[in-house]
Amino acid sequence: MIRTAIEHYLQKQQQERISPKAVLFDMDGVLFDSMVFHARAWQEIAEKHHLRSVPEDFFLFEGMTGGNTINELFLRTRQREATAEEKESIYNEKAALFNQYNDGEPMPGALEVLEKVKAFELKRVLVTGSGQRSLLEKLEHTYPGFFEKERMVTSYDVRFGKPHPEPYLIGLEKGGVQPHEAIVVENAPMGVQSAVAAHIFTIAVNTGPLADQVLLDAGANLLYPDMNALAKDWEAIMTAFSEI
Ligand code: MG
């Protein structure tokens, strides 16, 4: 299955081989078990502002900037875009609620994946749509020594956000690598779309409530049910890269 996935990627991207030098990690739903808190905060804020939504929306929207998410809800409910002021004030309310709910729990298995990535001497790059201040402190606290300030892409670095390829293109730049020298680990359909559009081999971990097919349809090259399963297969994936 791994070999087939790699061959499929190489054929589609017209590449000879994948020579990994960096792994680009999404954050929420990959490194932190935080998506339920984001979804809950969004759902409550949407209800408060009479914006139409169902809980699943926020797992489908995951990866988009807060402003784009609010726009989407406005277009659907009020048939117009949100103003800059509306975006800012609603996003601030959502962020406050998220901070109140979030328990900061790491994603089970994420540390194991990071340790293997480090053991293979691959650089770690963070590519998140999140705009939380103190992100680096939070990462350093949970995953000390795995990430550096210079290798982080957050909402402050991007104009479009996922599913546009921009965040992962900036991630490649910050990692100093080409698409065929990188691997992405993502949990969100739009994050997968963004990484695939940036021509990077993309591993999806389905840590949320969506169907596997949603991530496969978004273009994921490999799919795992969680980070523990990915950690277990890491050597096999690296071996397959070196043998093809
Ligand atoms: Mg995510």
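Both ligands and their constituent atoms are indexed starting at 1 by order of listing.
Open room surrounds CZ on Arg159; 12 or fewer heavy atoms of other groups in view lie less than 6.0 Å from it.
A search for salt bridge (charged side-chain N to carboxylate O under 4.0 Å, His left out) contacts involving Glu16 returns nothing, not counting sequence neighbours.
The aromatic ring centroids of Tyr91 and Phe98 lie 6.0 Å or more from each other.
The shortest distance between side-chain heavy atoms of Val117 and Phe146 does not fall below 4.5 Å. Using a 4.5 Å heavy-atom threshold, the side chains of Pro106 and Leu111 count as separate.
The residues Glu243 and Arg3 are annotated as salt-bridged, a charged nitrogen and a carboxylate oxygen being separated by less than 4.0 angstrom.
Listing protein N, O or S atoms at distances below 2.8 Å from the Mg ion (ligand 1), with waters left out, gives Asp26 OD2, Asp28 O, Glu62 OE2, Asn187 OD1.
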